[in-house]
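Throughout, a chain's letter reflects where its sequence line sits, starting with A, and its residues are numbered from 1. This is a predicted model, so every value here is computed, not measured.
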Amino acid sequence: MINLQNVSYVRLGTCDLDEATRFATDYLGLEISEHGRGISRFRSDVREHTLCYFEGDPADHTVAFEVGDASELEAAAAELDRLGHSVRLGTADEAAARHVRRFVAFRDPSGNAIELVWRPERLGNRYRGCRDAGVTGFSHVGLCSSDVVRDEKFWTKVCNARVSDRIGDSALLRIDEVHHSIALFASDRAGIQHINHQVESGDDVMRSHHFLRERGVRMVFGPGRHPSSSARFLYFEGPDGMVFEYSSGVKSIADELLYRQRQFPSEPRGFCYWGAKPGIGEFRDDPVKE
Amino acid sequence: MIAIDQLRYVRLGTRKLDSAVEFAERILGLQLVERSDEAAYFRSDFRDHTLVFFAGEAADWSVGFEIHGHDAFSAALDELSQHRIEVTRGTEAECAARKVRSFAAFRDPGGNAIELVLRPLHSGWRYFPARDAGIKGLAGVALRASNVSACEELWTKLFNARVSDWVGDASYLRLDQVHHRLAYHPSSASGLLAIEFGVEDVDLLMQNSYFLQSSQVKIVHGPGRRPTSNQIFLTFAGPDGQLFSFVTEGDVIADDAHHRPRQFPKERSSFCAWGSESQLSEFC
């Protein structure tokens, strides 16, 4: 069993690093950790970075999870290797670029690039965003899946994830007390489906809705409230079509024994109980009209 | 000093009673309690009714406030007369139409029609609305006036209203512990600006917001949060040009002695802390 401690960072390729950096700072409101030499890293909380853009293929996405210690990292690599995933130990240069001591890279059954990291850096100085978006931290990712039932097995059997709820076949998976850190959505592509940052309050969600809309950022879902996690949310489109989410008030599952996963319908009401209709392909059964 | 017990009702004249009834039931989601060719009464809470549409002109509207006790009611009428405010006692038929024992009408310095009522009807039955809009009751009324300061003086000197905040010249007045029940907005003419109903919580407010959008109701302001009262609000167009709002949350001012009215600038950000825009000159 691979014990994922938390979701550490995402790495995204982009053809226009300056534009992506502008979005991450001016719109998303994150703090620049480092910018230059073909990469930009951004903070969203005490960690050295939780988002990294690099010059490269916009379809090249990676999500990283932290593991507890070096022996767990080795055991995880051995287990993944045994299961036929091709596992690669990151070089010292690559680890330095990620600000982690050591990491291994592999692909999940859908082909999503995943990294397991040991000792990712956190900083002593507090996080301060470029705008007052109220961001409290990078919190979860949606992952594209070519077979959500198979992938749910991978994350829950090979790794330590537990199903918190399902919307249709899409599984919302937790690795700690937070309702979900990974969400699996059926898709005909591989990669990250959306990137979530938590904000302080529902007011922050609504403020960003007006702030971003006035600046021409494309809203794709919300403002709304998820019946599953209880979080108030807003989804909007960033560079290269990546969907970003702000949310606030995500449910915490403190008692593993008492909690029962629930099944929500794969329809707008399963995603929002305020009545917002998703404009995100993976959240719909029918094609999205542009 | 005249003590207002509570904001009681709003009466609205309309040339199109049928469509007003449809709006109140289907859009606002209120409970129709009585309907005739002349008028339709709607409940929003424990009271017999808080909104009446009657066959007439849209310019003919009034806001009713309850005075508690016969002596206080008589004293109120005397006090208004002493201040040379013309007061008209309601006839028996007019009282019956309002479902009150007595009432008296006068106009505020802006010319807005105000009614003071004695013993308005209560209802013993649970409020059961036409749609699950989560309405908790009539929460407030916003009026327009060309002379807001004179209106404010009337309510704070003759009546027991207190100023909670100002935005520019607009004045927010409280009658109980709720931040405001009555708001005056400066305008070239007098009139009714908005009738506000409280809803249970932000979820109901946002559900109503999406419901109104899908029903193609014209939303004129919000959803947003008022920096003054901290209410979350949604304001939309009613059938005859007046506005309706759903509001929720909001500050309670329990300690009158320690509350100081605050002056906010007359600008968009003073009317919404979320950044929602409005075309209405009162809110920008």
Side-chain angles (χ1 to χ4, degrees), chain A residues 26-29 131-135 199-217 219-236 245-251 264 267-279 283-284 289, chain B residues 26-29 131-135 179 199-217 219-236 245-251 267-280 283-284:
Chain A
D26 294 359
Y27 290 171
L28 212 47
R131 74 174 179 95
D132 184 16
V135 169
V199 292
E200 275 178 35
S201 68
D203 287 348
D204 288 310
V205 173
M206 300 303 290
R207 267 196 288 269
S208 280
H209 170 61
H210 290 291
F211 177 89
L212 295 171
R213 200 179 49 172
E214 277 169 21
R215 283 155 184 80
V217 173
M219 296 295 141
V220 290
F221 189 21
R225 189 162 191 185
H226 288 308
S228 49
S229 68
S230 315
R232 299 179 200 180
F233 65 78
L234 178 71
Y235 293 84
F236 50 96
E245 179 192 18
Y246 284 138
S247 69
S248 181
V250 65
K251 186 200 298 255
F264 290 91
E267 56 174 278
R269 281 185 304 173
F271 286 95
C272 178
Y273 71 70
W274 285 354
K277 305 268 190 298
F283 291 179
R284 294 163 62 120
K289 276 176 252 156
Chain B
R26 195 173 65 82
I27 302 300
L28 288 176
R131 112 181 143 76
D132 186 17
I135 286 181
H179 180 274
V199 296
E200 280 170 40
D201 57 22
V202 60
D203 290 338
L204 264 310
L205 189 121
M206 291 305 296
Q207 283 164 0
N208 277 307
S209 173
Y210 282 107
F211 171 82
L212 295 177
Q213 274 179 40
S214 69
S215 303
Q216 296 181 321
V217 173
I219 292 171
V220 299
H221 198 194
R225 190 190 281 280
R226 294 175 177 149
T228 46
S229 62
N230 271 321
Q231 286 166 309
I232 299 176
F233 69 91
L234 176 74
T235 303
F236 50 99
S245 300
F246 289 135
V247 295
T248 191
E249 299 185 7
D251 289 345
E267 60 186 35
R268 179 181 141 187
S269 62
S270 298
F271 293 102
C272 180
W274 288 353
S276 65
E277 271 186 279
S278 180
Q279 302 300 316
L280 284 174
F283 301 134
C284 57

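- The interface of residues 227-234 of chain B with chain A, defined by heavy-atom distances below 4.5 Å, is empty.
- With contacts defined as side-chain heavy-atom distances shorter than 4.5 Å, the pair B:Arg225/A:Arg207 does not qualify.
- Between A:His210 and B:Trp274 the shortest heavy-atom distance is CD2-O, 3.2 Å.
- Side-chain contact check for B:Gln207 versus A:Arg225: every heavy-atom pair is 4.5 Å or farther apart.
- Within a 6.0 Å sphere centred on CD of B:Gln216, heavy atoms belonging to other residues, nucleotides or ligands number 12 at most.
- Residue A:Glu214 comes nearest to B:Gly275 through the heavy atom pair OE2-O, 3.5 Å, listed as atom of the first residue, atom of the second, then distance.
- The CG atom of B:Asp203 lies 6.0 Å from the CH2 atom of A:Trp274; values are rounded to the nearest 0.5 Å.
- Dense packing is recorded around CG of A:Asp26, with more than 12 heavy atoms of other residues, nucleotides or ligands lying under 6.0 Å away.
- The contact between A:Tyr273 and chain B is made by backbone and side chain atoms together, counting heavy-atom distances below 4.5 Å.
- Remark: A:Arg131 CZ is packed, more than 12 non-hydrogen atoms of other residues, nucleotides or ligands lying under 6.0 Å away.
- Here the CE-CZ distance, from B:Met206 to A:Arg232, works out to 9.0 Å after rounding to the nearest 0.5 Å.
- Counting heavy-atom pairs closer than 4.5 Å to chain B, the top-ranked of the candidates A:Gly275, A:Gly202, A:Ser208 is A:Gly275.
- With sequence neighbours left out, the ring pair (Phe, Tyr, Trp, His ring centres under 6.0 Å) criterion links B:Tyr210 to no other residue.
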